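One structure is given below, encoded as C-alpha cells.
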Amino acid sequence: MKNMPEEPKCACGSANVAIFTCAGAVNIGQLSNRIAIKLEKQGIGNLMCTAGIGARAPGLMKSAETSDRIITIDGCPLNCASKTLELAGFKPDRQIVISEFGIKKSKERGLEDQEVADTLRKVMEILQSK
Amino acid sequence: MKIEILGTGCSKCNKTKEIVEKAVKETGVNAEIIKVEDFDKILGYGVMVTPALVVDGEVKVAGKVPSVDEIKKWIKK
C-alpha cells in the first residue's frame, strides 16, 4: 500500500476536504495514518502530507489553502498534526485524537486489522455526528 | 516564461487553461503554456488537488480555478 494517494484529486464536484495526520512513530500515530488512508478510499477527503505543511512546501500549502474543510487526526494529546497546521496559519475544522478511544500509546507499531476496523468505526461515528 | 497547468483534463483544468491563455494574451507576455497530466510530475510539485498552476517552477494555486486578474499578477514581471 502506498502512503500517498495514487493520483492528485480533482477539486471538481464535491467539497474539497483535506485530511492531515500526525503519522507519529508510535502505534496510535501509525493508526492515524492508516485511518486516513481508509477515509480517503471511502471518499471522505484527501490525505495530504503534514510534514509538507511543516516544511511550508508550496504545493502542499496551496493545496491546503483551497480546502473547504480540514480534518486533522492526531494520535495523542500532543496534537502535533493540528498544531503543525495552526502554526502554518490553518484552522482545522475537525480534530480527532486516537488516544481518546482508549488505545494505549506504545512503541509497538504493528497494527491489528481488528484494531484498525474498530478505530475506523469510531472515527466515522464522530465525522457523521453534528 | 513557462506556465504549467496541472490537471487531468477535468472541466476545471480546461477552464484554467482557457483563463491562462486569456491572461497571457491580454498582458502580452511571452509565455510557453504547458498542460501537465502526468500524475508523477503533479505529485512532484507537492500538489494534492487539481487544477493547479505553476509559473516558472513555482506553485501559485492548487485546487481552484484562478481568476484572470490573479494570473496577470503572477505573470507580470
Side-chain angles (χ1 to χ4, degrees), chain A residues 1-21 23 33 36-73 81 84-85 88-93, chain B residues 1-23 31-77:
Chain A
M1 186 182 290
K2 292 178 180 179
N3 287 330
M4 289 181 71
E6 289 173 5
E7 60 193 59
K9 297 289 190 298
C10 174
C12 299
S14 59
N16 183 14
V17 178
I19 305 173
F20 290 93
T21 72
N33 214 44
I37 291 167
K38 290 194 175 291
L39 292 177
E40 182 176 83
K41 283 188 187 298
Q42 293 186 23
I44 307 292
N46 304 321
L47 174 59
M48 297 191 186
C49 313
T50 310
I53 297 297
R56 304 293 190 270
L60 260 303
M61 292 291 286
K62 298 294 180 190
S63 297
E65 279 172 17
T66 54
S67 298
D68 298 317
R69 290 184 71 224
I70 293 176
I71 298 171
T72 53
I73 307 179
T84 299
L85 268 291
F90 300 104
K91 189 177 184 305
D93 297 281
Chain B
M1 176 179 292
K2 185 171 158 186
I3 303 174
E4 294 169 278
I5 298 149
L6 316 185
T8 54
C10 62
S11 59
K12 281 191 177 180
C13 302
N14 294 333
K15 183 74 184 166
T16 301
K17 186 166 184 284
E18 282 173 29
I19 292 175
V20 166
E21 286 168 346
K22 187 170 188 282
E32 179 188 12
I33 302 170
I34 303 166
K35 187 95 165 30
V36 178
E37 297 188 357
D38 181 72
F39 295 139
D40 292 341
K41 194 159 185 198
I42 295 173
L43 285 174
Y45 277 115
V47 165
M48 309 301 282
V49 282
T50 58
L53 191 68
V54 178
V55 178
D56 286 338
E58 187 181 338
V59 181
K60 296 295 188 182
V61 69
K64 73 163 196 171
V65 180
S67 69
V68 173
D69 287 342
E70 281 176 314
I71 296 169
K72 282 180 179 174
K73 210 163 50 187
W74 296 329
I75 63 179
K76 274 182 185 166
K77 290 291 182 183

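The structure displayed is predicted, hence computed values, not measured ones. Here is the naming used below: chain letters follow the sequence lines, and residue numbers restart at 1 for every chain.
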**Study point:** Closest non-hydrogen atom pair between B/V59 and A/K62, with its separation
**Key:** O-CE, 3.6 Å
Exercise for review: Assess whether atom NZ of B/K35 is packed by more than 12 heavy atoms of other residues, nucleotides or ligands within 6.0 Å.
Suggested key: yes
Review point. Closest approach of A/S63 and B/M48, non-hydrogen atoms and distance?
Key: OG-N, 3.0 Å
Check your understanding: Just by distance, do the side chain of A/T66 and the backbone of B/K64 share a donor-acceptor pair under 3.5 Å?
Key -> no
